[in-house]
Amino acid sequence: MTRPFRIAIVLATALMILAPVGLVIYQSFLSGPFFQPSSTFTTQAYEFVLFEEDDFREAFINSAIIAAGMTAIAVPLGCIMAFLLVRTDLPGRRLIEPLVLVPMFVSSVVLAFGFVVALGPVGIVSVWVKGIVGTIPWYLYSKTALIVIAGLTHVPHVFLYASSALRSLGSDVEEAARSSGAGPFRVALTVSLPMIMPSILYATVLVFFLGFELFGLPLVLGDPERILVLATYLYKLTNKLGTPSYDLMAVVVVSIILVTLPLVYTQRKLLAAANRYVAVKGKASAQKPLAIGAWRWPAVGLIVVWLGFTVVIPVSALVLRSFLSTWGEGVAIWPNLTLNHFRELMGYPNLVRGIVNTLLIASVGGALSVGFYALVNLALHRWRSRWTALMDYLVLVPRAMPGLIAGLAMFWLFLFTPVLQPLRQTLFSLWLAYTLVWLAYGMRLVSASLLQIGPELEEAGRVVGARPAQVSRDVTLPLIKAGLIGSWVLIFVTFVREYSTGVYLLSPGTEVIGSLLVSLWGTGAVDLVTALSTVNLVLILVGLALMFALGNKRHA
Amino acid sequence: MKMRLAASFAVLLAAAPVALAQTVPQGYPASYAEVIAAAEKEGALSIYATADASEVSELLTQFRALYPKLKVEYADQNSTELYSRYVAEAAAGKTADFIWSSAMDLQIKLVNDGYALTYASPEKGALPDWANWKDQAYGTTAEPIVFAYNSRIVPEAEVPRSHADFAKLISQKKDVYKGKVTSYDPERSGVGFLYITQDVQISPQTTWDTVKAMGQAGAKFYTSTGAMIERVVSGEHTLAYNMIGSYVLQRNHKDPTLAYVLPKDYTQVMSRIAFVSAKAKNPNAAKLFLDFLLSKTGQVELAKKAMTSVRTDLQDSHGITSLPGAREVTLRPIRVGPELLTQLDQITRLRFIKQWQKTLAAN
């Protein structure tokens, strides 16, 4: 790619990010909604949030603790699992690998509700344990439980980045370490994982950040004990003051944006230091799984326990609930089984349209998003420039807005920008918002596969006289095709379960399942929520199975 | 013979304009034909509402059958989102024609801020006087605020029948109700705030006693109706204070584990407030929908989905009084009017919340 083209893409992306973010920052300095002429410039929103609101401080501290705690759980576990499943001869790893991703498939409100049904004070598992031990040894609505659950459910995010990086490593260094007498875990800790430090660092920053804007889990699990985090605090702010106060919400978002800056700065510093001794090898040599001998079964045990807690328990409780007319302590399951909730769901207006729209935005929209992420990545690929540094900072910023606020900001943009107005009530606005909110996540998915290509291949292209654009098209892109398809699958899953971002952008005709879930949850129709979630889960599983089948056929 | 011919002619003549437009509903002035004609010329209607699309699908089907020339769009969302969306869209100049929400205070604020069209519905004679403000805001339902309980766990004899009973029960049976009582969190839920402040206006002493007792009983306070109902059904909680009747009734039809009682001393009545948007592109179509919503047909349809009727002539068949045990109850409707604006005053709100927290913590 040529320099002007690269700069053009960076500028376009920056505009896309800064338009909604800038609007929110502008709103934070106004006395009322920006679209009302009576609003004036003031810093009173900052004064109120920072000095008069104890809740803000509490929510901020809680968010920081939860983010740190879940990072401390998710990162090591994710790395260990990636090492075990990618680099070792662990039994059943082909089968286990897709299962590791399941917590990412279920929207967090619904997953949290699954935990309530299973492990809540009268949950199905709780009651069973109580019958044996006499008491329930845990309390689901505590901060600790929230941290543990958030940590365990974010293991897949770390796993994804770590495993794709590990796949591109040659096994020669590991074998060298092994033959000089190091045990498998020594190899992992001193050889394999340090080699993929950039990916791990990126995953760490991303997970910490996802922790900061965590919404679904604290909404459900933090509700009874009124544990506030920043995203739920935004809700509270509205109700406490009676009417939505956009200026105050904007201040909260600005405070989250301010957290991103030192994070990205630290990440860049660490990476610069790490790059000095990490040799990313161009040609991946043949990979041989590392024999871990007697460690095999404890390793399988670890993964099974994690899977059981994070996937099997909440998901099966949720699915079970969708077939129950009533439940609770002392209620037998068999006599209360019913198909009524599904029958009722069938009669739900716009259901089919919602499903079709969801599949459309996830498959076609997801592909377009991956295309966009790839384009931006190619623009930055092997480019030593300040522009790339700028992008490092910018990419994470949209995620600083909790989904609901990001959606609101995009809604305002589409409403008040004449060029965009006709597109507001189409799926395009929804797609753009999704693409933006998941920018940091998607960019890294694509760049992970870009990093695997040795520079010598592209240089070879240039030597035979290809122009930069030709190199991108004929050498780089074909090489990362498999990586792009993998990214597409993950973006598909992410878009299917997304819910809060779309709330303001929906209009009759552009409903998606996520929004139907939110509106049903709001009216208390838990029966339908669980039934719809079950349907949603089945859709995702079928989609994934199809894609894996297609993928395998191609490789065969 | 001549007479008969003349008579048929007269009928024909009278029917002529009707054949062009839709039939004027019975009892409406003849001039209503103009509203219908204008609405059909507009050809479309856009509704923003908080009632779930599945709850109103039958209602909309009937409305469409009545006025097939109107293309009706219905968007459901939660009350805060509805407010934010409407205010922004109105500023941009293009928004929905008809706004229908259960957040009474936010609706009254919109009406007070000049967002509503003045329109005297031909149905307004059938409404109680608390359900109409300036012919702009209309209360379209009358739904009781109830105590809900788990009928599997709470013995019938123990169920509190009045507000005083409620406080007495949970303070006397502390061991049984420890952690088992639930209600909306007035700090985090707009409707929760509205109902508890109404309680304080009606009966301050009992209400603060109840709050104090809930504090001692370690009550849990929620933001989501669904989460609360679900937890009462499962037995995680057993007794819920100030629940919106329609949600409880709906669930009760499907699962009798969730039972309810209308407190005898007084039962608050909430209403979903509707208005025709002053910025409506299709004001006449919106008027038709308002009238239909308030008509007997519309009200019966809403009552089928547990949104009990506001009409005085349907009270005993489809209103609150049609519910079991509701006849001897004193109803206290929340007036559709400017009184609700005081709810939104920030100082009053923060002060009330402080007092609520203090009382809750007092032991």
Side-chain angles (χ1 to χ4, degrees), chain A residues 33 35-36 55 113 116-117 120-123 141 219-220 223-226 232 235-236 238-244 246 325-331 340 344 347-350 404 408 411-412 415-416 421 503-504 506-509 511 515-516 518-529, chain B residues 46 50-55 57 60 73-78 80-81 83-85 87-89 91-92 94 105-106 109 150 152-153 179 185-190 192-193 220-231 233-236 247 250-251 254-255 257 343-346 349-350 353:
Chain A
F35 47 80
Q36 275 174 5
D55 285 342
F113 179 69
V116 173
V117 177
V122 294
Y141 308 135
L219 181 72
V220 177
D223 209 6
E225 296 296 336
R226 308 157 89 206
T232 50
Y235 256 49
K236 179 169 174 179
T238 294
N239 286 310
K240 207 168 159 180
L241 300 176
T243 42
Y246 309 121
S325 55
T326 186
W327 65 285
E329 194 168 9
V331 180
N340 277 344
E344 202 182 327
Y348 193 83
N350 311 334
L404 200 71
L408 184 61
F411 164 74
W412 284 337
L415 193 60
F416 292 103
Q421 227 169 35
V503 165
Y504 287 101
L506 296 162
S507 43
E511 300 90 348
S515 69
L516 293 180
V518 172
S519 103
L520 284 171
W521 181 261
T523 56
V526 176
D527 293 339
L528 287 178
V529 169
Chain B
S46 151
T50 53
D52 199 87
S54 63
E55 302 288 285
S57 64
L60 292 179
E73 277 187 341
Y74 184 91
D76 57 349
Q77 49 215 303
N78 87 34
T80 317
E81 285 150 20
Y83 178 88
S84 288
R85 185 190 274 245
V87 172
E89 286 183 351
K94 193 184 162 225
D105 44 2
L106 288 180
K109 178 169 165 53
N150 184 315
R152 185 158 48 78
I153 298 170
D185 186 346
E187 260 190 287
R188 295 179 298 153
S189 151
F193 182 86
K220 300 272 185 266
F221 299 94
Y222 290 86
T223 51
S224 146
T225 313
M228 231 185 315
I229 289 181
E230 188 71 10
R231 284 172 162 112
V233 167
S234 75
E236 185 175 328
Y247 299 133
Q250 279 278 56
R251 186 63 174 266
K254 292 203 286 182
D255 181 2
T257 310
Q343 294 289 325
L344 294 174
D345 180 66
Q346 296 193 354
R349 268 184 111 86
L350 295 177
I353 287 171

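On a predicted model such as this, the values are computed, not experimentally measured, just so you know.
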Indicate yes or no: at least one non-hydrogen side-chain atom of [X] is less than 4.5 angstrom from one of [Y].
X      : Y      : answer
A:N239 : B:E187 : no
B:E89  : A:L415 : yes
B:E230 : A:V116 : no
A:L404 : B:E81  : yes
A:P224 : B:Y222 : yes
A:Y141 : B:K220 : no

When A:L506, A:L408, A:N340, A:V220 are compared by non-hydrogen pairs under 4.5 Å with chain B, the top option:
A:L506

Counting heavy-atom pairs closer than 4.5 Å to chain B, which one of A:V117, A:N350, A:L520, A:L516 comes out on top?
A:L520

Do B:T80 and A:Y235 pair up side chain to side chain, a donor and an acceptor below 3.5 Å, judged on atom types alone?
no

Residues B:D52 and A:Y348: side-chain donor-acceptor under 3.5 angstrom:
yes

Among [options], which residue has the highest count of heavy-atom pairs closer than 4.5 Å to chain A?
options                        : value
B:T257, B:D345, B:T223, B:I229 : B:T223
B:S46, B:A92, B:G190, B:P186   : B:A92
B:R251, B:M228, B:Q343         : B:R251
B:Q346, B:Q250, B:E55, B:R85   : B:R85
B:N78, B:N150, B:V87           : B:V87
B:S84, B:A51, B:A75, B:A227    : B:S84

Please find the pair of heavy atoms, one from [X] and one from [Y], that lie closest to each other, and give the distance.
X      : Y      : value
B:S54  : A:P349 : CA-CD, 3.7 Å
B:S234 : A:V122 : OG-CG2, 3.3 Å
B:R152 : A:V331 : CZ-CG2, 3.1 Å
A:F416 : B:A88  : CZ-O, 3.4 Å

Checking A:F411 against chain B: side chain, backbone, both or neither under 4.5 Å from a heavy atom?
side chain

Between A:S325 and chain B, which part of the residue has a heavy atom less than 4.5 Å away: side chain, backbone, both or neither?
backbone

To the nearest 0.5 Å, what is the distance between NZ on B:K254 and CD on A:E344?
4.0 Å

Taken to the nearest 0.5 Å, the spacing of A:D527 CG from B:D255 CG works out to 8.0 Å

Using non-hydrogen atoms and a 4.5 Å limit, figure out which bit of [X] sits close to chain A: side chain, backbone, both or neither.
X      : value
B:I353 : side chain
B:Q77  : neither
B:T50  : backbone
B:I153 : neither
B:S224 : both

Would you call A:K236 and B:D185 a salt bridge, using N to O less than 4.0 angstrom?
no

Can a donor-acceptor pair be found, under 3.5 Å and without considering hydrogens, that links the side chain of B:R188 to the backbone of A:D223?
yes

